[in-house]
Protein chains: 2
Amino acid sequence: VFSLRLEELHGSLADPVLGSIGFLNEIMSRYPNAIPFAPGAPNRTFVDGFNPMPYIERFVRYAATTRGMGEDAARRLLYEYGPSRGVINDIIATAWSRDHAADIAPDAVVVTVGAQEAMLLTLRALFGRSGDQLAVSNPCFPGIVGAARLLGVDIATVDDGPDGLDLDQLRGACQLARNEGLRVRACYVAPDFANPTGTRMSVAAREELLALAVEADLVLLEDNAYGFTAATSDELPPLAAMDQHRVAHISTFAKIGVAGARVGFVIAAQPVCGEQATASVLADHLAALKSMVTVNTSPLCQAVIGGMVLAHGTSLRELGAAKSKLYRENLRLVLEALDRHLARDGRPPQGVNWDRPEGGFFVRVYLPFAADAALLEESASRYGVLWTPMSTFYLDGGGTNVLRLSCSYLDAEQIDTGVARLAELVRSRL
Amino acid sequence: VFSLRLEELHGSLADPVLGSIGFLNEIMSRYPNAIPFAPGAPNRTFVDGFNPMPYIERFVRYAATTRGMGEDAARRLLYEYGPSRGVINDIIATAWSRDHAADIAPDAVVVTVGAQEAMLLTLRALFGRSGDQLAVSNPCFPGIVGAARLLGVDIATVDDGPDGLDLDQLRGACQLARNEGLRVRACYVAPDFANPTGTRMSVAAREELLALAVEADLVLLEDNAYGFTAATSDELPPLAAMDQHRVAHISTFAKIGVAGARVGFVIAAQPVCGEQATASVLADHLAALKSMVTVNTSPLCQAVIGGMVLAHGTSLRELGAAKSKLYRENLRLVLEALDRHLARDGRPPQGVNWDRPEGGFFVRVYLPFAADAALLEESASRYGVLWTPMSTFYLDGGGTNVLRLSCSYLDAEQIDTGVARLAELVRSRL
């Protein structure tokens with residue numbers, strides 16, 4: 001029988017990033033009854049009883065009347081092919097502009113199959129010559145690393161410190177690249193409660209990052225997946241609202257809308273100039289590339305999401321409000337449970353500690369021993385609780401003694417029981 | 001204001017393939033009232049009045065009962081994240097195996113965002129080292145060329161002759177590559193009524209191609225988008241049914257299901273071996289790569305498609321039967337109208353000719369003058385009829401005097417009027 005040789009397949013398939021995702025999925029499938037602090041999946045409260053039909057109908061009415069298409073043409077939109085750039089771009093542009101007091105043109109938006117496709121398209125467009133590097137935080141969201149590996153984009157790592165991306169290190173990476181005749185072309189950054197660290201950048205740090213981007217001539221790829229988890233009173237402006245030309249803004253409706261629709265978007269308003277170019281912005285080129293990746297995002301799914309945004313005052317903030325509240329409450333419950341179960345006498349055992357993020361899905365727990373595959377296996381089999389080794393998010397072997405808890409999927413009782421089990425595991429090892 | 005330079009973006013954005021797609025879309029949007037023989041879009045008969053809900057419910061019942069998940073878990077499947085490889089793989093494997101008297105395992109199937117993502121993933125997995133080439137038919141479907149450009153995969157062209165791919169040329173291309181220390185790693189082929197030529201390969205040619213693939217150690221990427229348009233009595237076996245190990249079979253539900261769902265699939269049963277590999281098939285690796293492209297195909301859309309397949313006796317052939325019939329009838333109408341309007345006295349004018357394909361969406365018309373952008377502009381503005389210059393499908397400047405008619409989108413009256421207008425245009429130039 002004919003067979004292929006693994007070493008002749010593309011190198012990204014041998015990358016540890018893919019391997020670690022496979023391992024985590026595998027262990028979760030083996031322990032379906034363990035309490036999973038592992039995934040960043042949406043809470044079931046928002047999934048059970050979800051009915052997409054009213055939202056689809058809402059979008060059809062909007063297209064039929066506000067756009068003046070008429071009902072038949074509006075309904076046809078859902079089931080035919082559609083433009084690569086999307087069919088709800090105006091809704092997203094209006095909502096985003098309203099939420100952030102910005103002025104985003106619909107033509108600057110490309111609707112994508114989740115944030116992941118937006119990352120792939122943006123990397124592909126920006127990385128056109130050898131010697132260009134993508135700076136990424138370390139530890140990092142595996143999706144951006146995986147997209148870079150798939151496209152053969154070189155990576156430079158910059159530590160994600162307690163206040164987010166280490167800007168001195170980023171400056172250093174740019175300098176180092178220049179010294180070697182290379183260039184940091186773009187930097188991936190999640191300023192709001194990054195996955196996996198949960199860190200958030202202050203406004204001052206955002207301003208400094210934008211100034212550095214101008215100085216070093218970088219494009220910033222802003223991942224905004226968790227920005228919605230901030231309380232409204234505590235929101236910080238997205239980088240793209242501070243400088244829409246330096247920043248390509250990537251987001252997803254998986255968390256604020258519905259994950260099963262697989263709809264995300266990128267705002268890419270950068271003008272593109274050149275001898276042969278007619279007037280265009282980066283979004284035009286992303287749409288052209290998208291025609292070679294997925295052709296277009298399901299218009300049926302876009303209708304579900306478009307209708308959801310319309311039904312929430314054409315505001316992404318309003319759409320995410322109830323979810324934001326539940327996730328903040330879950331985060332509070334996780335921190336409270338850690339205090340209760342792991343710091344019984346008011347402080348944690350020697351060498352044990354954890355972060356206190358103000359938003360996002362993730363809490364890091366620091367241990368005086370390795371939080372590795374062996375510990376996870378024991379945790380799942382003997383204690384019935386699952387989490388993610390932070391080492392899987394590092395590109396250089398860091399994070400060995402740290403684990404990540406994700407608070408999004410569980411209810412209050414599961415959180416309490418799960419943290420109690422984790423505390424048992426930790427104490428058994430001390 | 002900051003701007004990007006076109007020449008620093010990825011080279012695929014400057015490729016003529018992307019440019020010609022943009023041009024065709026642009027001219028279609030400028031002449032919305034012209035009769036469009038241009039797109040390969042599904043006929044409106046199958047779009048108007050389409051209701052996805054019964055199919056979604058059908059899939060939920062299947063998952064709840066046949067898979068024993070229970071109703072709540074089955075319904076949750078639609079709205080949560082899901083596995084990268086898909087949630088209707090068993091349905092597709094069963095249907096395909098039944099239709100082609102084959103034995104495809106569900107694990108050999110990856111559900112993708114249309115055939116386009118399947119092409120991208122398969123190319124990415126197979127092309128891991130420099131010096132490897134993808135052989136493609138010339139003229140060629142732009143989607144495979146675009147995916148190759150996006151990934152930096154080198155292309156070797158092989159003429160698509162009157163009986164499909166020219167196998168002597170393919171043999172020659174393999175030999176030429178070997179002489180230069182290179183290798184033809186894979187060959188893209190659409191044996192059934194290829195886009196854009198409409199050619200079909202005989203069973204003997206298929207057997208010869210498979211033998212050549214073994215001899216030259218190629219993987220064949222079989223694009224089956226138009227196979228369903230054959231009459232049942234006139235069907236030929238897909239390459240993958242003749243040798244599932246040499247062939248990665250790519251197909252789409254855009255034509256037999258509903259285009260707006262954006263669901264396609266790839267069957268990739270090739271065993272993958274290597275020192276570090278646990279037992280796997282190529283589909284496992286495609287699913288891993290997919291997690292870096294789109295994460296997963298919308299399970300809501302998969303449910304629509306899964307339900308449609310179940311509702312048609314778990315058979316892709318039955319699902320496509322009514323559509324197959326309508327498209328064959330449309331093709332007959334196009335050929336009849338060409339006879340009537342362009343060959344009034346029993347034969348066409350000097351230098352004018354056309355193909356007589358037995359299936360598919362496309363008919364080539366050969367002219368004694370250039371079928372170029374200028375002629376298309378005149379055709380649209382003065383005669384109200386749109387078609388596609390065949391030159392846009394060539395990688396080396398061929399096809400200048402040939403245009404392509406697509407029969408899928410129009411009704412009988414539009415076909416007759418459109419061909420009459422085309423005949424007027426042609427006579428005006430003779």
Side-chain angles (χ1 to χ4, degrees), chain A residues 1-11 13 18 21-22 41-42 47-48 50 52-53 76 78-81 113-114 116-117 120 124-129 143 146-147 150 245-246 258-262 270-274 276-277 282 285 288-289 291-296 298-301, chain B residues 1-11 13 18 21-22 41-42 47-48 50 52-53 76 78-81 113-114 116-117 120 124-129 143 146-147 150 245-246 258-262 270-274 276-277 282 285 288-289 291-296 298-301:
Chain A
V1 169
F2 168 66
S3 67
L4 295 165
R5 301 188 57 78
L6 184 63
E7 60 271 26
E8 291 190 8
L9 300 185
H10 190 253
L13 284 164
L18 282 187
I21 290 176
V47 174
D48 286 331
F50 180 79
M53 284 316 288
R76 222 176 274 137
L78 310 183
Y79 305 121
E80 293 187 335
Y81 285 102
V113 181
Q116 187 62 37
E117 192 195 22
L120 185 89
R124 178 66 309 168
L126 289 177
F127 286 81
R129 57 184 212 189
L150 191 148
H245 289 118
R246 274 288 156 192
V258 58
R262 300 300 303 128
Q270 293 71 29
V272 175
C273 66
Q276 302 177 327
L282 183 59
H285 299 273
L289 287 174
S291 70
M292 301 305 165
V293 176
T294 58
V295 183
N296 60 316
S298 163
L300 180 61
C301 289
Chain B
V1 168
F2 168 67
S3 67
L4 295 165
R5 302 187 57 78
L6 184 63
E7 60 270 27
E8 292 190 7
L9 299 185
H10 191 253
L13 284 163
L18 281 188
I21 290 175
V47 173
D48 286 331
F50 179 79
M53 284 315 290
R76 222 176 276 137
L78 310 182
Y79 305 120
E80 293 187 334
Y81 286 101
V113 181
Q116 187 61 39
E117 192 195 23
L120 186 89
R124 178 65 310 167
L126 289 177
F127 285 82
R129 57 183 212 188
L150 191 148
H245 288 118
R246 274 288 157 193
V258 59
R262 300 299 303 125
Q270 292 70 29
V272 175
C273 65
Q276 301 177 327
L282 183 58
H285 299 273
L289 287 174
S291 71
M292 300 306 164
V293 176
T294 59
V295 183
N296 61 315
S298 163
L300 180 60
C301 289

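By convention in this document, chain letters (A, B, ...) are assigned in the order of the sequence lines, proteins followed by strands, and residues within each chain are numbered from 1.
For B:S3 (side chain) and A:V272 (main-chain N/O), no donor-acceptor pair under 3.5 Å exists by modelled atom type. Panel note: side chain B:R129, backbone A:E8; no donor-acceptor pair is recorded below 3.5 Å. Looking only at distances, a side-chain donor or acceptor of B:R262 sits under 3.5 Å from a matching main-chain atom of A:T294. A donor-acceptor pair under 3.5 Å is formed between the side chain of B:R124 and the backbone N or O of A:L150.
Interface residue A:V295: backbone and side-chain heavy atoms are both found under 4.5 Å from chain B. Both the backbone and the side chain of B:V47 come within contact range of chain A, judged by heavy atoms closer than 4.5 Å. Heavy-atom distances place both the backbone and the side chain of B:A125 under 4.5 Å from chain A. If you measure heavy-atom distances from B:F127 to chain A, the contacts under 4.5 Å come from the backbone alone. Of the atoms belonging to A:A261, it is backbone heavy atoms, and not side-chain ones, that fall under 4.5 Å from chain B.
Proximity of B:Y79 to A:P42: side-chain heavy atoms (C-beta onward) are nowhere separated by under 4.5 Å. Between B:L4 and A:L126, some side-chain heavy-atom pair lies under the 4.5 Å cut-off.
Applying the side-chain contact (heavy atoms from CB on, under 4.5 Å) test to B:A147 and every residue at least two apart in sequence or in another chain returns B:Q116, B:L120, B:L123.
Atom CG of A:L6 sits about 8.5 Å away from atom SG of B:C273, to the nearest 0.5 Å.
Looking only at heavy-atom pairs under 4.5 Å with chain A, the residue among B:S298, B:P299, B:G260 that has the most is B:G260. For chain B, the option among A:V113, A:L78, A:L300 with the highest count of heavy-atom pairs below 4.5 Å is A:V113. When the candidates A:P271, A:A288, A:G146 are compared by the number of heavy-atom contacts under 4.5 Å with chain B, A:P271 comes out ahead. The greatest number of non-hydrogen atom pairs below 4.5 Å with chain B, out of A:H245, A:E117, A:R246, A:M53, is found for A:R246. Note: A:P52 leads A:G11, A:P52, A:A41, A:G143 in heavy-atom pairs under 4.5 Å with chain B. Counting heavy-atom pairs closer than 4.5 Å to chain B, the top residue among A:D48, A:L282, A:L13 is A:L13.
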